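Notes follow the structure.
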Amino acid sequence: MLSERPSDVTGRYVYWVVFQEAGAVSAVGSSAGSRRVSLSPLTGTMLPTTSVSPRSPDNGILSPREAARHTAGAKRYKYLRRLFHFKQMDFEFALWQMLYLFTSPQKVYRNFHYRKQTKDQWARDDPAFLVLLSIWLCVSTVGFGFVLDMSFFETFKLLLWVVFIDCVGVGLLIATLMWFVSNKYMVKRQGKDYDVEWGYTFDVHLNAFYPLLVILHFIQLFFINHVILSGWFIGYFVGNTIWLIAIGYYIYITFLGYSALPFLKNTVILLYPFAALALLYVLSLALGWNFTEKLCLFYKYRVR
């Protein structure tokens, strides 16, 4: 529901644009700066945050001081600085995002639109999601080490591999590749206002990686020893189906991330890997391939 109402705050005439959906209220559009009040999606409590309009009220052009604050370097510095200030992180909202990435990922990307309107950037400015994802990585990897009967040192080595190679390293490569491809071939028109932020491509990867992590590194653990590695057809059927769901989530959430940007075209091509994924799934069942068994052997080889 969209509405406008004037409000006189400290002598200034402020227009508020109030958007209410999924238990959240956000306000944007202040001449000198505005106070945004939101409802927590989990508890319904009031969560006030400060939102400053980056543009001049007279001509809509960034002042030199505001332009400096909105450079990529300034945004990166602000993001990294907040990593060491846990009190400034909104973990409650990050948990809300993690929940909705499973049930309704469109709502998560709708919030990215709100951020663009209020803070003039698509990428997250709060590292709370990254911190919680790192915790999930640690817990799930320890669980994997326990299921595979690894020693403490082997589990620690596996944790380093998963965090810095599988998540961060591969994520940096995928984000950089998608940043290049989207800006080079998918932008409708070239211009400053039609640029895919590298930070946003990395956020899209993290969003897509989280369900994949939970499915493969947590839910699958309960089936590995007694079902998936049994050597029967039901074993690799269950294991490969879990892989199908996990990678399918990754592809779909990645597609939603780029289709949410209104200045990109031909984003439907990001769904094309579904065809190859379905073909590989059928082929694996016909030939008796067990992807989870291969993953377990690879993990054990890593920590030797």
Side-chain angles (χ1 to χ4, degrees), residues 94-105 108 129-171 174 205-255 273-304:
L95 286 171
W96 175 86
Q97 290 182 311
M98 288 181 165
L99 172 64
Y100 273 88
L101 282 172
F102 277 100
T103 60
S104 183
V108 176
F129 187 91
L130 179 61
V131 172
L132 292 181
L133 179 63
S134 301
I135 295 174
W136 259 106
L137 275 170
C138 294
V139 173
S140 62
T141 303
V142 170
F144 229 107
F146 176 79
V147 169
L148 298 182
D149 197 25
M150 294 182 179
S151 65
F152 173 81
F153 182 69
E154 289 175 334
T155 303
F156 181 72
K157 287 178 64 177
L158 179 63
L159 176 62
L160 296 180
W161 271 98
V162 171
V163 172
F164 293 104
I165 303 299
D166 297 348
C167 181
V168 178
V170 174
I174 294 177
H205 165 72
L206 294 182
N207 289 343
F209 183 79
Y210 171 69
L212 182 144
L213 169 71
V214 173
I215 294 171
L216 293 182
H217 261 229
F218 180 70
I219 297 177
Q220 186 175 225
L221 294 181
F222 298 97
F223 302 94
I224 288 181
N225 286 332
H226 302 290
V227 179
I228 298 177
L229 300 183
S230 63
W232 301 338
F233 171 80
I234 188 65
Y236 55 83
F237 171 77
V238 171
N240 293 358
T241 301
I242 290 176
W243 276 84
L244 175 69
I245 296 172
I247 299 177
Y249 256 110
Y250 187 93
I251 295 173
Y252 179 62
I253 293 178
T254 299
F255 160 74
F274 267 118
L277 179 64
L279 179 62
L280 181 62
Y281 173 72
V282 174
L283 189 63
S284 68
L285 295 182
L287 298 178
W289 296 343
N290 192 327
F291 295 134
T292 302
E293 182 181 18
K294 299 295 188 294
L295 177 68
C296 294
L297 293 175
F298 177 64
Y299 276 176
K300 291 180 178 180
Y301 174 78
R302 268 183 168 181
V303 300
R304 286 181 180 176

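Note that this is a predicted model, so its numbers are computed, not measured.
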What one should report as the nearest heavy-atom pair of Phe144 and Leu216 is CE1-O, 3.5 Å

Apply side-chain contact (heavy atoms from CB on, under 4.5 Å) to the pair Ser284 and Asn290, showing each step before the final yes or no. CA-CA 7 Å; Ser284 68; Asn290 192 327; over 6 Å; no

Taking every heavy atom of Ser230 against every heavy atom of Gly235, the minimum-distance pair comes out as OG-CA, 4.0 Å

On a heavy-atom basis, the closest approach of Val303 and Lys157 is O-NZ, 3.3 Å

We want to know whether Thr292 and Tyr236 form a side-chain donor-acceptor pair, criterion being a heavy-atom distance below 3.5 angstrom. no

dist Glu293:CD -> Ile224:CD1 (nearest 0.5 Å) comes out at 11.0 Å

Taking the six-membered ring for Trp and the single ring otherwise, decide whether the centroids of Phe274 and Tyr252 are under 6.0 Å apart. no

Let me see the working for Ile247 and Ile251 under side-chain contact (heavy atoms from CB on, under 4.5 Å), right down to the final yes or no. CA-CA 6 Å; Ile247 299 177; Ile251 295 173; 4.1 Å; yes

Item to check | Phe129/Tyr210 under side-chain contact (heavy atoms from CB on, under 4.5 Å): CA gap, chis, key distance, verdict | outcome: CA-CA 10 Å; Phe129 187 91; Tyr210 171 69; 4.3 Å; yes

dist Cys296:SG -> Phe291:CZ (nearest 0.5 Å) comes out at 13.5 Å

**OP:** State whether the number of non-hydrogen atoms from other residues, nucleotides or ligands found under 6.0 Å of Phe152 atom CZ is greater than 12.
**Re:** no

Exercise. Could you walk me through whether Tyr250 and His205 pass the side-chain contact (heavy atoms from CB on, under 4.5 Å) check?
Worked result: CA-CA 8 Å; Tyr250 187 93; His205 165 72; 2.8 Å; yes

Report task. State whether the side chain of Thr141 and the backbone N or O of Leu137 hold a donor-acceptor pair below 3.5 Å, judged by distance alone. Result -> yes

query: When you look at CZ of Phe156, are more than 12 heavy atoms from neighbouring residues, nucleotides or ligands closer to it than 6.0 Å?
result: no

query: Can Lys300 and Asp149 be counted as an ion pair, charged N to O under 4.0 angstrom?
result: no

Rounding to 0.5 Å, atoms OG1 (Thr254) and CG (Leu212) come to a distance of 10.0 Å

Rounding to 0.5 Å, atoms CG (Leu206) and CD1 (Ile253) come to a distance of 11.5 Å

Minimal heavy-atom distance between Pro211 and Phe102, with the atoms involved, is CA-CZ, 3.5 Å

What class does the angle between the rings of Phe218 and Phe222 fall in, given that below 30° is parallel, 30 to 60° is tilted and above 60° is perpendicular? perpendicular

Heavy-atom closest pair (Gln220 atom, Ile228 atom, distance to 0.1 Å) is CG-CD1, 3.7 Å

Shortest non-hydrogen pair, Cys167 vs Leu133, comes out as SG-CD2, 4.3 Å

query = In terms of ring plane angle, is the pair Tyr299 and His217 parallel, tilted or perpendicular, where the classes change at 30° and 60°?
reply = perpendicular

Here the gap from Leu280 atom CG to Asn240 atom CG, rounded to the nearest 0.5 Å, amounts to 8.5 Å

